[in-house]
Amino acid sequence: MSASSSAHASNEIPEFVDPSAQPKRLTGLSRWVVFALTLLGLLITVNQVFNLGLGNIRPISTAYYYVIIGVFCAIGFLAFPARAKDSQVRWYDWVLTLSTLGIALWISMNAQLAIDRGWNLDAPLGPTVIAALFTALALEAVRRTGETLLFVVCLVFGTFPMYADHMPGFLWGVQFSFGGTVREHVYGLQSIIGIPVQVVSDTLIGFLVFGVVLANTGGSSFFMNFASALLGRSRGGPAKVAIVSSGLFGMLSGSPTSNVLTTGTLTIPTMKRCGYDPVYAGAIESCASTGGCLMPPVMGAAAFIMASFLNLPYVHVITAALIPALLYYSALLLQSDLYACRHNLSGVAAHEVPSLWRTLSSGWYYIVALTVLTVLLVGWRIEAEAPFWVSLFLLLIAVMRAKRNGTRGDDWVQLVVDIGQAVAQLVCLIAGIGLIVGAMSVTGVANAFSRELVQMAGSNLGLLLAAGALTSFILGMGMTASACYIFLAIVLAPALIKVGIDPMAAHLYIFYWGIVSFITPPVALAAITAAAIAKAKPMEVGFKSLRIGLLLLLLPVLFVLQPALIMKGEPGLILQSVSTAFMAVVFLSAAFEGYIWRLGHLTMVSRLCLGVGGLMMFIPELYTDLAGMGVALLGLVLARIKPGVPPGPLRPA
C-alpha cells in the first residue's frame with residue numbers, strides 16, 4: 001500500500017504497482033502448510049455447517065469457534081508479515097503459528113469444562129495464563145491484518161475492563177483484574193468468540209470460499225466481458241462497464257479497495273482511452289467499487305453480522321438494502337451518461353467489444369451460480385450452506401474445463417492457498433474486534449453509552465444522526481467496513497433505536513456512513529487506489545468521487561426519515577417514495593453534470609433549480625415532493641428558454 005501512503009502524504013500522482021507482480025511470501029514449506037491447514041479448516045467447517053458428524057466428531061459450538069480461530073489465525077501468522085519488510089516467513093512466524101494451533105486446540109478440548117465451571121468468572125492459574133496468551137495472539141493477529149488504528153482501538157478497548165472504574169461519566173464501568181479480563185475475553189461468550197466470530201464461522205467462510213473460487217475460475221473476467229458486451233458500445237460505454245462490473249464483483253468481494261484493484265486495472269485505462277478525464281475515470285471506478293458492499297445479495301461480511309445483531313433472517317437485510325443500492329448505482333450510471341453526452345464521448349469500437357452470445361456461452365455457469373445463490377438465500381433461506389453448494393458447482397465446471405483452460409495442478413493448490421489467506425484475514429480481524437465487543441459488554445459501558453448519548457442529545461434526532469455520521473466516518477477511516485459497523489452496532493445503534501428510528505434503518509445508517517470514508521478525503525482509500533491506476537492526483541480523485549458518490553451520504557439520512565425506502569410501510573407509500581427518489585436522482589445527476597438530454601448544457605440557474613428540486617423530492621413529505629417537482633420543472637423551462645448550446649441526445653443510452 002506504499003503507493004497509497006505516499007499519495008496521501010504529498011498529493012503527487014502515484015505510480016500504480018500491479019499487486020500480482022509483488023514477491024510472494026508463501027513459498028516452499030509455508031505454502032504447503034497453509035494448503036494443509038486450509039483444507040483442515042474447510043473440512044471442519046463443512047462438517048459443522050452441514051452437521052455431517054464425520055468421524056463421529058460433533059463438537060459443541062464454542063469448541064468449533066476456538067478451532068476455527070486457531071486454524072485460520074495460524075494461517076494468518078504465515079501469510080501476513082509482522083513487519084512490512086518481511087518478504088519471507090520468519091522463525092517467529094512459525095512459533096506463533098504453532099502456539100496458536102496448540103492453545104486453540106487445548107481450549108477447544110476443554111470448552112465444555114470451561115462452561116461447566118465458569119472459567120470466564122474464575123479459573124485456575126493454568127487456564128488463566130493460556131487465556132492471556134490467546135488474547136495476546138488475537139491482538140497480534142489483528143495488528144498484522146488490519147490498519148494501525150484498528151489495532152490501537154482493539155488494544156485500548158481490550159484492556160478497558162482493567163481501568164473502567166477510573167473513567168468519567170458514561171465511560172465508567174465495572175472493573176476487572178488482569179486475570180478476570182483475559183478470562184472474559186477467552187472463555188466468555190461475548191468477546192473473542194462473540195457474535196462476530198460466530199457469524200464468520202457459521203456463515204461467512206462459505207461466502208469467502210465462493211468469492212475466491214469465482215475470482216480464480218475467471219468470474220471477474222466474465223463479469224467484465226458481460227458488462228462490455230451489454231454496454232461497451234453505448235455512449236460512454238467504458239464508464240458504464242466499470243459501474244456494472246464493479247457492482248457485480250464488488251457485492252461478492254465486499255472490499256472496495258480490492259475491488260478497485262481487480263476491476264479498475266481494466267476499466268480505468270479503457271475509460272481514459274475513450275476520452276474520459278483520468279480524474280473522472282478514477283472517481284467512477286472508486287464509487288462503483290465502494291457501492292459493491294451495499295449491493296445484495298451478498299454485500300460483504302457486515303450484512304450477515306447485521307442480521308445476527310437484529311436477530312432477523314438475512315433475507316430481511318438484503319430486501320431492505322435493495323432500493324438504496326439501486327438508487328446509488330442509478331446515480332452513477334446517469335452521471336456517467338450525462339458526462340459522455342456533454343463531452344460527446346462514444347463507446348468502445350465494435351471490434352473491441354466481446355460478443356454477448358460468446359460471452360454467455362463461455363461463462364453461462366457464472367450467471368447460473370449467482371441465480372442459484374440468490375434463490376437459496378431468498379427462497380430457501382439456507383445462508384450457511386448455499387455458498388458451499390454454489391462453490392462446488394463452479395469447481396465441477398472448472399474441473400471439466402481444466403484441459404481447455406490450461407489449468408495445472410499447481411493452480412488448484414494456489415486456489416486453496418488463496419481461500420486460506422482470505423478466510424485467515426477476516427478471522428484475524430474479527431477475533432481482534434471481538435475484544436472491543438466483549439469489553440464494552442462485560443463492563444456495561446455499551447448500554448450506558450447509548451443511554452447517555454440519548455440524554456445528551458435531548459432525544460434530538462438531528463444531533464444523534466450527526467453524531468452517528470461523524471463517529472462512523474472517523475472510525476471508517478482506519479477500520480474495515482465490518483469492523484466499523486460492529487463497533488457502532490454495539491454503542492451507537494441502540495441510541496438511534498431508542499429515539500424511535502426503525503432498527504433496520506439504524507443499522508444500515510451506521511453501515512453506510514462507515515463506508516463513506518472510502519471515497520471521502522483525506523483518507524479515501526478506494527479513490528487513492530483508483531488514482532494510482534489512473535495516474536491522477538489522489539485528492540482530485542477523492543473530491544471528484546465525493547461529488548459523484550454524494551448519494552452515499554444522502555441515502556442513510558433519507559431511509560432513516562422515510563423507512564419506505566428500505567421497504568418498510570404500506571405498498572402505496574413505498575411506491576410513491578421510491579418513484580420520487582428515482583426522479584430526484586435524475587434531477588440531481590443533471591445538476592451535477594450541467595447537462596440534460598434534449599436540452600443540452602444547462603445554465604447555472606437551471607442547475608441550481610434542478611439540484612434544489614431534487615433534494616426537496618428526497619424529503620419524505622407529499623408537499624415537498626410537489627414543491628420539488630415544481631422547482632425542477634422551472635429549471636427545465638429556463639433551460640428550454642435559454643439553452644446553453646444546441647440540444648443534445650433525447651434520452652439515456
Side-chain angles (χ1 to χ4, degrees), residues 42 45-46 48-51 199-227 230 244-255 258-259 262-263 289 291-308 312-326 329 359-401 415 418-419 422-423 426 481-482 567:
L42 293 179
T45 302
V46 170
Q48 189 77 5
V49 168
F50 289 89
N51 194 25
V199 173
V200 170
S201 303
D202 293 336
T203 305
L204 280 179
I205 290 178
F207 284 92
L208 293 170
V209 171
F210 173 60
V212 174
V213 170
L214 187 74
N216 284 36
T217 57
S220 56
S221 298
F222 168 77
F223 289 131
M224 184 70 65
N225 291 335
F226 180 63
L230 287 177
V244 173
S245 60
S246 297
L248 288 172
F249 192 72
M251 68 181 179
L252 302 173
S253 70
S255 171
S258 64
N259 195 18
T262 302
T263 60
S289 293
C293 298
L294 313 172
M295 178 61 73
V298 179
M299 298 174 60
F304 293 95
I305 299 172
M306 187 183 303
S308 292
L312 290 173
Y314 178 67
V315 67
H316 288 202
V317 176
I318 61 177
T319 301
L322 180 60
I323 297 300
L326 292 177
Y329 274 100
T359 300
L360 289 174
S361 62
S362 63
W364 55 269
Y365 42 89
Y366 295 115
I367 300 292
V368 172
L370 279 182
T371 303
V372 171
L373 179 64
T374 303
V375 170
L376 293 178
L377 288 176
V378 177
W380 290 18
R381 300 188 180 185
I382 49 173
E383 292 90 351
E385 298 92 337
F388 286 108
W389 288 119
V390 180
S391 299
L392 180 61
F393 167 71
L394 287 178
L395 286 173
L396 290 175
I397 295 292
V399 169
M400 290 188 291
R401 299 171 65 91
L415 171 64
D418 288 345
I419 290 172
V423 177
L426 184 59
S482 299
M567 309 293 280

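Counting from 1, the numbers follow the sequence of the chain as shown. Side chains included, hydrogens not; waters and symmetry mates left out as well; all remaining heavy atoms used.
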Indicate yes or no: at least one non-hydrogen side-chain atom of Tyr365 is less than 4.5 angstrom from one of Arg401. yes

Decide yes or no for Val209 and Pro387: does some side-chain heavy atom of the first lie under 4.5 Å from some side-chain heavy atom of the second? no

Test item: Thr203 side-chain N/O and Val200 main-chain N/O as donor-acceptor pair under 3.5 Å: no

Sequence-distant partners of Leu396, side-chain contact (heavy atoms from CB on, under 4.5 Å), two or more places apart: Leu392

Please give me the minimum heavy-atom distance between Ser391 and Gly206, naming the atom from each residue. OG-O, 4.3 Å

Check: Val46 and Phe388 side chains under 4.5 Å, non-hydrogen atoms: yes

Exercise: identify the closest heavy-atom pair between Met306 and Val317: SD-CG1, 4.0 Å

Measuring from Leu322:CG to Ile318:CD1, what's the distance to the nearest 0.5 Å? 8.5 Å

Derivation of the side-chain contact (heavy atoms from CB on, under 4.5 Å) call for Ile397 and Thr217: CA-CA 9 Å; Ile397 295 292; Thr217 57; over 6 Å; no

Among pairs that include at least one residue of residues 203-225, which meet ring pair (Phe, Tyr, Trp, His ring centres under 6.0 Å), considering only residues two or more places apart or in two chains? Phe207-Phe304, Phe222-Phe226, Phe222-Tyr366

Do any N or O atoms from the side chain of Asp202 and from the backbone of Ala384 form a donor-acceptor pair under 3.5 angstrom? no

Donor-acceptor pair, side chain of Tyr329 and main chain of Gly292, under 3.5 angstrom: yes

